[in-house]
**Q** 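Got a structure for you, questions after.
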2 protein chains.
Amino acid sequence: MSEDRSADRPDPRSAHNLEVLRGCSLLSGLPDEALREAAALARARPFRANEVLYARGEVQSALSVVGAGSVRISSTSSDGREIMLTLFEPGAWFGDTVFSPGMPRVFGATAHSDGELVEVPGQAYRDLLARYPQAYPRTLDMLSRRLWSAISIIEDNGLRDMPGRVGRRLLFLAQMHEHDGQVGDANGPVTFKLTREHIANMMGMTRQGVHRVLKVLEGEGLIAFSYGRVTVPDREALRRYLEESTQK
Amino acid sequence: MSEDRSADRPDPRSAHNLEVLRGCSLLSGLPDEALREAAALARARPFRANEVLYARGEVQSALSVVGAGSVRISSTSSDGREIMLTLFEPGAWFGDTVFSPGMPRVFGATAHSDGELVEVPGQAYRDLLARYPQAYPRTLDMLSRRLWSAISIIEDNGLRDMPGRVGRRLLFLAQMHEHDGQVGDANGPVTFKLTREHIANMMGMTRQGVHRVLKVLEGEGLIAFSYGRVTVPDREALRRYLEESTQK
DNA sequence: GCCAGACTGTCAACGGTTTGACACTTACCG
DNA sequence: CGGTAAGTGTCAAACCGTTGACAGTCTGGC
């Protein structure tokens with residue numbers, strides 16, 4: 001491995017980082033020159049499936065952008081029960097504690113498949129923002145949307161019955177999937193590699209309970225599922241279904 | 001009503017607004033001159049108990065700061081079930097959609113008592129931030145902490161049993177109460193005017209269920225309650241209780 | 001002070017979810 | 001290409017919180 005770093009010739013790894021950072025909605029408010037700086041400061045971090053990337057409670061804060069593969073955001077209780085918040089795919093970012101240095105991470109991150117993270121050190125990222133303040137509004141917007149999502153989940157968990165909750169969460173994942181630039185495809189089918197247990201952990205229910213619910217939704221033609229996989233064939237149909245009917 | 005506005009003599013109402021805005025943690029990153037501008041642009045809005053301040057789904061966005069009284073943040077489902085997210089007291093702010101103009105509010109706001117809001121129009125607030133960019137980091141921090149809180153609630157709802165959930169939420173309210181400047185009192189008792197039903201709506205349970213849980217917590221000496229009132233006598237004790245024990 | 005309305009305690013019956021257990025299927029790795 | 005670990009379908013029993021109903025209690029406003 002040859003080390004070739006000159007001030008005016010970009011590091012090839014940095015070029016790759018740049019590629020990834022460019023695909024991240026959080027950073028899209030920064031001008032390209034700023035992204036290039038970020039890429040130079042960033043560090044690529046490959047990972048293998050099931051590797052623990054960050055533990056719940058860690059204080060160190062970096063901004064992580066998923067470059068490849070997928071990452072599970074989850075938290076484990078003292079008695080081993082696990083709750084999963086969401087699944088991030090390429091283009092997504094996490095590590096919101098960059099904005100509140102010193103706060104511990106509420107949820108941990110685990111590799112859901114093989115892949116790679118591109119990480120910008122927290123301080124470097126904050127400095128960069130300070131030097132390109134025009135990026136702030138976009139940053140606030142992204143953060144506020146994430147808050148919006150979290151609150152929606154709270155609402156769903158409190159107001160909807162099990163099929164409603166599962167449906168909503170799947171729809172939500174499908175929308176994120178689209179938004180983070182996986183597809184331009186307007187309303188094509190989306191498949192997730194999630195086991196019944198993963199879904200159970202997302203909803204705070206059991207494997208068996210999820211099974212029953214999935215069968216209901218499948219009966220309505222709203223989803224399909226097979227070994228370790230769930231697919232939403234038509235997001236629009238699912239959305240409509242979830243809007244009608246009182247759903248408890 | 002005499003109109004007396006000159007450029008160099010502050011409007012008395014504006015002086016009152018300023019007072020309120022100064023007490024708001026979200027705005028504490030802005031220099032005082034900026035706060036004075038904000039106060040001039042702000043509008044005081046008195047309210048009576050149970051008045052609907054904002055409905056779920058509204059798009060118009062302003063930054064609201066509670067000047068007096070308390071405000072319930074909640075959402076109602078089509079079949080009348082209600083879910084309450086939190087209770088805001090003087091010094092607290094809401095209307096996070098200021099940061100994402102065009103997004104509908106997920107939750108509505110209802111007056112929990114008589115009181116008053118001080119509202120800064122969304123555009124004016126955003127313009128102000130742009131002119132005083134040094135306030136951005138603090139703003140991001142506040143927003144990110146709120147996200148942190150929302151995620152904590154999701155975690156609690158998924159991982160903890162009923163007493164655990166209720167306890168955590170009460171502790172959380174008590175901490176906010178302290179933080180928003182009600183008391184400097186390190187660990188004094190805090191009382192909330194919440195009916196069993198309000199609590200039930202926060203937790204997604206029933207009035208009767210809440211009753212049972214409160215009795216358990218009371219038995220442990222962690223809370224006390226009477227007609228329409230719950231009090232946490234010792235936050236530290238409650239926190240310790242919630243940390244030990246596997247809690248489901 | 002008094003009264004109407006809001007809030008509360010309590011109980012039995014009901015119902016949906018979990019628990020626990022077991023046999024079966026699928027995917028992955030050597 | 002076969003073996004093993006992970007994932008899955010299914011069932012009955014147990015559990016826990018809800019439903020529904022009613023009488024009792026508190027409070028604020030007149």
Side-chain angles (χ1 to χ4, degrees), chain A residues 48-51 69 72 77 79-84 110-114 157-166 191-219 223-231 246-248, chain B residues 48-50 69 72 77 79-84 110-114 156-167 169 191-219 223-231 246-248:
Chain A
R48 306 287 295 273
N50 297 318
E51 182 180 329
R72 222 157 47 216
S77 74
D79 66 336
R81 287 170 50 89
E82 185 180 343
I83 182 163
M84 172 176 165
T110 311
H112 191 64
S113 70
D114 291 355
N157 288 350
L159 250 31
R160 305 188 97 103
D161 60 9
M162 293 303 188
R165 275 192 239 180
V166 173
T191 298
F192 299 102
K193 286 194 184 167
L194 291 171
T195 66
R196 303 302 116 81
E197 188 150 22
H198 286 139
I199 301 178
N201 289 343
M202 275 203 290
M203 316 310 308
M205 46 198 291
T206 60
R207 186 173 69 76
Q208 296 93 320
V210 169
H211 174 64
R212 188 161 16 84
V213 168
L214 288 184
K215 280 204 127 176
V216 171
L217 292 173
E218 184 192 38
I223 64 159
F225 61 99
S226 60
Y227 191 88
R229 229 154 285 236
V230 187
T231 113
T246 323
Q247 299 292 344
K248 167 188 183 176
Chain B
R48 306 288 294 275
N50 297 317
R72 220 156 50 216
S77 74
D79 66 335
R81 287 170 50 89
E82 186 180 341
I83 182 163
M84 173 175 164
T110 312
H112 189 67
S113 69
D114 292 354
D156 290 343
N157 288 350
L159 249 32
R160 305 188 96 102
D161 61 8
M162 293 302 190
R165 275 192 240 180
V166 173
R169 199 67 145 264
T191 298
F192 299 101
K193 286 193 184 170
L194 292 170
T195 65
R196 303 302 117 84
E197 188 150 21
H198 286 140
I199 299 178
N201 289 342
M202 276 203 288
M203 317 308 309
M205 43 196 296
T206 59
R207 185 173 68 74
Q208 296 92 321
V210 170
H211 174 62
R212 189 160 17 85
V213 168
L214 288 184
K215 279 204 128 175
V216 171
L217 292 173
E218 186 193 38
I223 63 159
F225 61 98
S226 60
Y227 192 88
R229 228 153 290 234
V230 186
T231 112
T246 323
Q247 295 295 340
K248 167 186 180 176

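A, B, ... follow the sequence lines: proteins, then strands. Residue 1 opens every chain. Quick note: numbers below take in every heavy atom, side chains included, and nothing from hydrogens, waters or symmetry partners.
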**Q** Tell me what K215(B) touches on the nucleic acid: a base, only sugar-phosphate, or nothing, going by heavy atoms under 4.0 Å.
**A** sugar-phosphate

**Q** Taking CZ from R48(B) and P from dG29(D), how many angstroms apart are they, rounded to a whole number?
**A**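 In whole Å, dG29(D) P and R48(B) CZ are 10 Å from each other.
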
**Q** Using rotation axes that map the C1' atoms of four end pairs onto the next four (five pairs an end), what angle separates the end axes of the helix from dG1(C)-dC30(D) to dG30(C)-dC1(D), to 10°?
**A**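 The helix from dG1(C)-dC30(D) to dG30(C)-dC1(D) shows an end-to-end axis angle of 60°.
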
**Q** Would you check if I199(A) and M205(A) make a side-chain contact, meaning some heavy-atom pair closer than 4.5 Å?
**A**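 No. Closest side-chain heavy atoms not under 4.5 Å.
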
**Q** Select one nucleotide: of dA21(D), dT19(C), dG17(D), the one nearest the side-chain heavy atoms of Q208(A).
**A** dT19(C)

**Q** For R229(B) and F225(A), take the nucleotide of DNA chain D holding the closest heavy atom to each; which residue's nucleotide lies nearer the 5' end?
**A**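 The answer here is F225(A).
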
**Q** Taking it one step at a time, do Q208(A) and R212(A) satisfy side-chain contact (heavy atoms from CB on, under 4.5 Å)?
**A** CA-CA 7 Å; Q208(A) 296 93 320; R212(A) 188 161 16 84; over 6 Å; no

**Q** Mind calculating the distance between NE2 (H198(A)) and P (dG7(D)) to the nearest angstrom?
**A** 7 Å

**Q** Could you check how far OH of Y227(B) sits from P of dG28(D), rounded to whole Å?
**A**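 Y227(B) atom OH is separated from dG28(D) atom P by 9 Å.
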
**Q** Using the side-chain contact (heavy atoms from CB on, under 4.5 Å) rule, take N50(A) and R72(A) through it: C-alpha gap first, then chi angles, then the decisive distance, then the call.
**A** CA-CA 9 Å; N50(A) 297 318; R72(A) 222 157 47 216; 3.9 Å; yes

**Q** May I have the distance from R196(B) (atom CZ) to dG9(C) (atom C1'), rounded to whole angstrom?
**A** 10 Å

**Q** How long is the line joining CD1 of I199(B) and P of dT18(D), in whole Å?
**A**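 So the CD1-P distance, I199(B) to dT18(D), works out to 14 Å.
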
**Q** May I have the distance from L214(B) (atom CG) to dG9(C) (atom P), rounded to whole angstrom?
**A**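 Answer to the nearest Å: 8 Å.
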
**Q** Starting at atom CG of N201(B), determine the distance to atom C1' of dG17(D), rounded to an integer number of angstrom.
**A** 16 Å

**Q** Is it the case that over 12 heavy atoms from other parts of the model lie below 6.0 angstrom from the CD atom of E82(A)?
**A** yes

**Q** Taking only the side-chain heavy atoms of T195(B) (C-beta and beyond), determine which of dC7(C), dG28(D), dT8(D) contains the nearest atom.
**A** dC7(C)

**Q** Would one find a side-chain N or O of H211(B) under 4.0 angstrom from OP1 or OP2 of dT8(C)?
**A** no

**Q** For residues K215(A) and H211(A), determine if any side-chain heavy atom of one lies less than 4.5 Å from a side-chain heavy atom of the other.
**A**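 The answer is yes; the side chains approach within 4.5 Å.
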
**Q** Side-chain contact test, heavy atoms from C-beta onward, threshold under 4.5 Å: evaluate it for V166(A) versus L214(A) and give yes or no.
**A** yes

**Q** When you check the phosphate oxygens OP1 and OP2 of dG17(D), does a side-chain N or O of T206(B) lie under 4.0 Å from one of them?
**A**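 For dG17(D), OP1/OP2 do not have a side-chain N/O of T206(B) under 4.0 Å.
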
**Q** In whole angstrom, what separates R207(B)'s CZ from dA23(D)'s C1'?
**A** 12 Å

**Q** Do M162(B) and V216(B) make a side-chain contact, defined as non-hydrogen atoms from C-beta onward lying under 4.5 Å apart?
**A**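 No. Closest side-chain heavy atoms not under 4.5 Å.
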
